[in-house]
Amino acid sequence: MKKDNLKQQYRVNEQIRVREVRIVGDGIESTVLPTFKAIQMAEQRGVDLVEISPNAEPPVCRLIDYSKFLYQQKKHQKEIKAKQVKVDVKEIRFGPQTDDHDYNFKLKHAQGFLSDGDKVKAYVFFKGRSILFKEQGEVLLLRFAADLEDYGKVEQMPQLEGKRMIMFIAPRKGTGRKPVIESTASLPTEPEPKQKKAPQQKAPKEYTGPKVEGEDFDL
């Protein structure tokens, strides 16, 4: 379906019904030609005449391979879509008189959501006559934002919409799951350099002097 929509964006060859067009392309000098001559030139080159700027005067057309052009356009759109970061919105609901235990429980969840890069939609729901405590609900949301200051920033201050007072908090830049780093105990250690042994010194040989045969020496 997307390919069909892409095809409908451009008129090709005989679909171009204006009297004359300006042609451009690789190795082609920009010039204005009657449309039928521009189509003939495209046929001679084995390509298509594709209208890329219909609102120009006259319309601008390129001499290109239309199938290849569509493929490149589709590939470009996929690359743009892949670069777009999807941000989920997590809802956290309070009552106007939420106790500390419930508050801290939801605060911990909000910290986890923001750390994962998700937005938080925090709101206080006023049931029946509890709408009389709307100021109390606003104070609760502002306290919630202050406690999450290290994880996110307020994108929309508390606003009353019907029976809900809503506030949006966006994650701060740089938040998100950090890669797990192994402990140093599991990392390979470099072998210790071997110490060179000091050369052993040889003991000097004892000199006994010349040996004389047939004589004994008394000490």
Side-chain angles (χ1 to χ4, degrees), residues 1-10 52-53 67-194:
M1 294 296 179
K2 291 183 179 179
K3 190 174 181 181
D4 294 337
N5 292 335
L6 192 60
K7 282 184 176 181
Q8 293 175 4
Q9 293 180 11
Y10 304 96
I52 58 172
S53 297
S67 298
K68 186 177 179 180
F69 172 73
L70 284 179
Y71 172 78
Q72 291 175 343
Q73 290 291 101
K74 188 176 181 180
K75 183 179 178 182
H76 181 62
Q77 289 180 358
K78 283 185 177 180
E79 290 175 351
I80 293 176
K81 188 176 181 180
K83 291 179 181 178
Q84 294 176 345
V85 179
K86 183 180 179 181
V87 178
D88 292 328
V89 179
K90 305 294 187 179
E91 292 190 355
I92 293 183
R93 171 177 169 170
F94 293 100
Q97 296 178 334
T98 300
D99 58 35
D100 289 341
H101 176 75
D102 191 26
Y103 175 86
N104 291 328
F105 178 77
K106 293 178 178 180
L107 177 65
K108 186 176 180 180
H109 276 284
Q111 291 171 347
F113 294 147
L114 294 170
S115 296
D116 289 343
D118 299 323
K119 286 186 180 182
V120 171
K121 176 184 178 182
Y123 66 92
V124 179
F125 181 74
F126 300 99
K127 185 177 180 180
R129 298 187 64 182
S130 65
I131 192 68
L132 299 174
F133 300 99
K134 61 181 180 180
E135 291 82 5
Q136 189 172 341
E138 183 177 4
V139 171
L140 186 149
L141 289 177
L142 293 176
R143 173 192 171 191
F144 194 61
D147 290 341
L148 292 171
E149 187 176 3
D150 293 337
Y151 297 85
K153 57 183 179 180
V154 177
E155 193 174 60
Q156 176 186 302
M157 294 297 288
Q159 292 183 2
L160 186 63
E161 298 179 7
K163 295 183 178 182
R164 295 182 178 186
M165 181 169 286
I166 301 171
M167 177 182 67
F168 283 93
I169 302 176
R172 289 192 178 277
K173 291 183 178 180
T175 55
R177 295 190 183 276
K178 298 181 180 179
V180 177
I181 301 176
E182 295 181 355
S183 63
T184 55
S186 63
L187 296 178
T189 56
E190 296 183 1
E192 295 183 0
K194 295 182 178 180

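Because the structure is a prediction, the values reported are computed rather than measured.
The six-membered or imidazole ring of His101 lies away from that of Phe105, with a centre-to-centre distance of 6.0 Å or more.
Crowding of Gln156 atom CD: a count of heavy atoms from other residues, nucleotides or ligands under 6.0 Å exceeding 12. No more than 12 heavy atoms of other residues, nucleotides or ligands sit less than 6.0 Å from atom NZ of Lys119.
The two residues Tyr10 and Gln73 have their closest heavy-atom pair at OH-NE2, 3.2 Å. The two residues Gln136 and Pro96 come nearest to each other via the heavy atoms NE2-O, 3.2 Å. The two residues Ile92 and Ala110 make their nearest non-hydrogen contact at CD1-CB, 3.5 Å. Taking each heavy atom of Phe94 and Leu140 in turn, the nearest pair found is CG-CD2, 3.6 Å. Across Arg164 and Phe125, no two heavy atoms sit closer than the pair CG-CD1, 3.9 Å. Here the closest non-hydrogen pair linking Pro171 and Leu114 is CB-O, 3.5 Å.
With values rounded to the nearest 0.5 angstrom, Phe126 atom CZ is found 6.5 Å from Leu160 atom CG. For the atom pair CG (Leu141) and CD1 (Ile169), the distance works out to 8.0 Å, reported to the nearest 0.5 Å. Atoms CD and NZ, from Gln72 and Lys74 in turn, are 14.0 Å apart once rounded to the nearest 0.5 Å. Atom CZ of Phe144 sits about 10.0 Å away from atom OG1 of Thr98, to the nearest 0.5 Å.
Side-chain contact check for Val89 versus Phe168: some heavy-atom pair is nearer than 4.5 Å. By the 4.5 Å heavy-atom criterion applied to side chains, Lys75 and Lys78 are not counted as neighbours. Looking at Met157 and Glu138, their side chains never come closer than 4.5 Å, going by heavy atoms from C-beta outward. Side-chain contact between Phe113 and Tyr151: absent, with no pair of heavy atoms (C-beta onward) separated by less than 4.5 Å. Using a 4.5 Å heavy-atom threshold, the side chains of Lys121 and Ile166 count as touching.
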